[in-house]
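Inspection log for the structure reproduced underneath, given as structure tokens.
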Amino acid sequence: MAALACANTTEEKQATTEKEAVPGSFPIVIATWDVKKATAKAWEVMKNGGSSLDAVEQGCMVEEANADGQSVGIGGLPDRDGNVTLDACIMNPAGDYGAVVYLQNILHPISVARKVMEETPHVLLAGKGAEQFALENGFEKVNLLTENSKKAWEEWKITSQYKPIINIENHDTIGMLAIDQNGDISGGCTTSGLAYKMAGRVGDSPIIGSGLFVDNEVGAATATGLGEEVLKTVGSFLIVELMRQGKSPQEACEEAVNRIVKKNGDRIKDFQVGYIAVNKQGETGAYGIHDGFVYTVYQNEENKKHVPEYYLKS
Ligand code: GLY
């Protein structure tokens with residue numbers, strides 16, 4: 001057990017975190033891709049005594065507001081009709097879940113997902129209903145299609161050839177998992193989905209068990225890459241269940257990728273899936289199908305990009 005997990009009082013916990021940072025100590029944030037500003041925000045929230053739920057919400061918001069990222073929030077590449085549609089979900093340590101799918105014109109789908117979780121009798125709102133709920137709750141209407149993304153879409157329309165892009169600009173869905181100073185786990189996941197997808201398409205990211213799963217007794221996992229394949233194998237739930245059975249986060253991520261590989265044979269050369277996971281002790285793991293997937297961990301006062309192992313070696 002991590003030294004921090006043995007600490008009893010808040011004072012002891014803080015002292016341990018600052019003086020005896022050891023692998024597995026809390027807080028910890030792990031996120032898909034190289035998103036150090038986002039993990040830094042989440043870390044700061046928890047270092048100031050905030051919960052893992054506040055941390056993942058505020059961490060995801062950093063990437064949603066980043067107009068240069070073309071796979072999350074504002075600046076996301078649109079569907080084939082030119083509409084930017086966003087998917088997000090969030091889970092708290094109690095195992096509660098909230099999500100929005102096919103949400104348009106709202107900057108922070110992760111925050112709308114949290115409101116769905118905390119303030120409605122439902123868990124998932126879609127499309128116009130989700131937008132109406134957001135507007136009624138004080139979110140502003142925003143044009144999410146930036147000039148850069150509009151230009152890219154107009155160029156795409158010339159050939160209209162649809163092919164999922166592997167490791168889109170080394171940035172894809174942002175999945176974030178956090179354990180706070182109390183040892184409680186939350187997770188969030190946010191995306192604009194596949195570029196030039198069919199109108200109405202929803203991927204894995206907002207779907208509990210696929211793009212994200214949190215079990216505060218065991219750990220959490222989240223996914224990036226081709227959502228259709230993550231959905232078919234319920235990847236994040238699978239990873240958490242494998243950890244429950246005793247696998248390490250690394251072994252569990254590898255097994256979840258192997259399930260996709262087994263189902264798809266040669267097809268795996270055409271798409272990427274990457275998983276990250278953390279267990280209750282604060283051990284982390286990550287694995288992808290292809291090279292190019294990276295993730296960020298903020299732990300022991302260090303905010304660092306990591307390059308995971310991957311299945312398809314050339
Ligand atoms: N993983 C994001 C998506 O497929 O929509």
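Counting convention: from 1, in listed order, for ligands and their atoms alike.
- R267 and E229 are joined by a salt bridge, as a carboxylate oxygen and a charged side-chain nitrogen come within less than 4.0 angstrom of each other.
- Here CD of Q272 is found 9.5 Å from CG of L312. Values are rounded to the nearest 0.5 Å.
- Within the 4.0 Å heavy-atom cutoff, R201 counts among the residues contacting ligand 1.
- Salt bridge R201/E228: present, at least one basic N to carboxylate O contact under 4.0 Å.
- Salt-bridge annotation for K157 and D81: absent, with no side-chain N of the basic residue lying under 4.0 Å from a carboxylate O of the acidic one.
- For ligand 1, the atoms lying closer than 4.0 Å to a non-hydrogen atom of G203 are 5 (O).
- Of all the heavy atoms of Q272, none lies under 4.0 Å from any atom of ligand 1, so neither backbone nor side chain is involved.
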List, one per line, each side-chain donor-acceptor pair under 3.5 Å for residues 84-97, sequence neighbours excluded.
unit_1	atom_1	unit_2	atom_2	d
T85	OG1	K197	NZ	2.8
D87	OD1	Y102	N	2.9
N92	OD1	A94	N	3.0
N92	OD1	G95	N	3.2
N92	OD1	D96	N	2.9
N92	ND2	D96	OD2	3.1
Y97	OH	P206	O	2.5
Y97	OH	I208	N	3.4

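- Listed by number with element, the atoms of ligand 1 under 4.0 angstrom from any heavy atom of T173 are 1 (N), 2 (C).
- Against a heavy-atom cut-off of under 4.0 Å, S205 is close to the following atoms of ligand 1: 1 (N), 2 (C).
- Near D204, with a cut-off below 4.0 Å to any heavy atom, the atoms of ligand 1 are 1 (N), 2 (C), 3 (C), 4 (O).
- Close approach of ligand 1 to G225 is summarised as follows: ligand atoms under 4.0 Å from at least one heavy atom of the residue are 1 (N), 2 (C), 3 (C), 4 (O).
- If you take CD on E241 and CZ on F213, they are separated by 6.5 Å, rounding to the nearest 0.5 Å.
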